[in-house]
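Okay, so here's the structure we're looking at.
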Amino acid sequence: SEVKDALHEIGLSGMTVIEVKGFGRQRGLNDTDNSPNNNDEFLAKIMIEVIVEDENSEKAINAIQKSAFSGKIGDGKIFISNIDQVIRIRTGEKDKDAL
């Protein structure tokens, strides 16, 4: 919710949220007691996907970084990729117009 609110504050309105499972450097340990997660070998996580125009990327990165930060293990990572083309299926709009 904090990330969504932060993105809305900078004028971005679209995002995809996907519930995923996985582990990183913490190897399935939770931050509170450093014991393995006995229910599953993977931790429940949220993956957020946001597609923005180049000129809005730094604002989006900063908003996500600030709003997702807790200082605890598992705050996450931001991956930045290029999108070659966007096409809105319903209208046929492309690229910037499709966003």
Side-chain angles (χ1 to χ4, degrees):
S1 293
E2 291 87 359
V3 171
K4 177 186 65 105
D5 293 342
L7 291 173
H8 278 289
E9 285 179 21
I10 63 168
L12 300 177
S13 59
M15 65 188 292
T16 301
V17 178
I18 305 163
E19 294 181 10
V20 297
K21 289 186 175 189
F23 68 88
R25 289 186 179 166
Q26 82 270 21
R27 303 273 188 233
L29 301 177
N30 71 38
D31 192 35
T32 56
D33 63 8
N34 285 334
S35 62
N37 180 354
N38 293 325
N39 299 332
D40 198 346
E41 62 182 294
F42 300 105
L43 296 175
K45 297 177 177 268
I46 299 291
M47 184 168 69
I48 298 171
E49 186 174 84
V50 181
I51 309 294
V52 299
E53 297 169 354
D54 287 342
E55 59 264 21
N56 293 325
S57 63
E58 283 301 315
K59 287 194 307 186
I61 291 165
N62 291 333
I64 293 167
Q65 232 174 338
K66 289 176 185 172
S67 60
F69 177 80
S70 73
K72 297 179 181 176
I73 292 173
D75 273 354
K77 294 181 178 68
I78 298 173
F79 297 96
I80 301 163
S81 302
N82 290 322
I83 303 297
D84 293 328
Q85 189 173 35
V86 177
I87 302 169
R88 185 184 310 266
I89 294 172
R90 181 178 55 85
T91 63
E93 294 168 301
K94 293 184 178 182
D95 302 324
K96 189 175 181 176
D97 294 331
L99 293 177

Practice problem: Flag yes if L99 and I10 sit in one hydrophobic cluster, no otherwise; membership is Ile, Leu, Val, Met, Phe, Trp, Tyr, and two members link when side-chain heavy atoms are under 4.5 Å apart. | Solution: no

Practice problem: Please report the closest heavy-atom contact between S57 and V52, naming both atoms and the distance. | Solution: CA-CG2, 3.7 Å

Quiz item: How many angstroms lie between atom OG of S13 and atom NZ of K4, to the nearest 0.5 angstrom?
Solution: 11.5 Å

Quiz item: NZ/K66 to CD/E9 distance, rounded to the nearest 0.5 angstrom?
Solution: 11.0 Å

Practice problem: Measure the shortest side-chain to side-chain distance between I64 and I48 over non-hydrogen atoms and say whether it is less than 4.5 angstrom. | Solution: no

Quiz item: Are V17 and L43 connected in a single hydrophobic cluster, I mean Ile/Leu/Val/Met/Phe/Trp/Tyr linked by side-chain heavy atoms less than 4.5 Å apart?
Solution: no

Quiz item: What heavy-atom pair brings V50 and G14 nearest, and what distance separates the two atoms?
Solution: CG1-O, 4.0 Å

Quiz item: Can M15 be reached from I51 by stepping across I, L, V, M, F, W or Y side chains whose heavy atoms are under 4.5 Å apart?
Solution: no

Quiz item: Looking at A44 and K21, what are the two nearest heavy atoms and their distance?
Solution: CA-CG, 4.3 Å

Quiz item: Residues in salt bridge (Lys or Arg N to Asp or Glu O under 4.0 Å) with E58, at least two apart?
Solution: none

Quiz item: Are there more than 12 heavy atoms of other residues, nucleotides or ligands under 6.0 Å from atom CD of E53?
Solution: yes

Side-chain atoms of residues 80-90: list all donor-acceptor pairs with protein atoms under 3.5 Å, sequence neighbours left out, distances to 0.1 Å.
{"unit_1": "R88", "atom_1": "NE", "unit_2": "E93", "atom_2": "OE1", "d": "2.8"}
{"unit_1": "R88", "atom_1": "NH2", "unit_2": "A98", "atom_2": "O", "d": "2.7"}

Quiz item: Does K96 come within less than 4.0 Å of E55, counting only side-chain N to carboxylate O?
Solution: yes

Quiz item: What is the distance from atom CG of N56 to atom NZ of K59, rounded to the nearest 0.5 Å?
Solution: 4.5 Å

Practice problem: Would you give the length of the straight line joining atom CD of E41 to atom CZ of F23, rounded to the nearest 0.5 angstrom? | Solution: 7.5 Å

Quiz prompt | ILVMFWY clustering at 4.5 Å (side-chain atoms), partners of M47 | solution = I18, V20

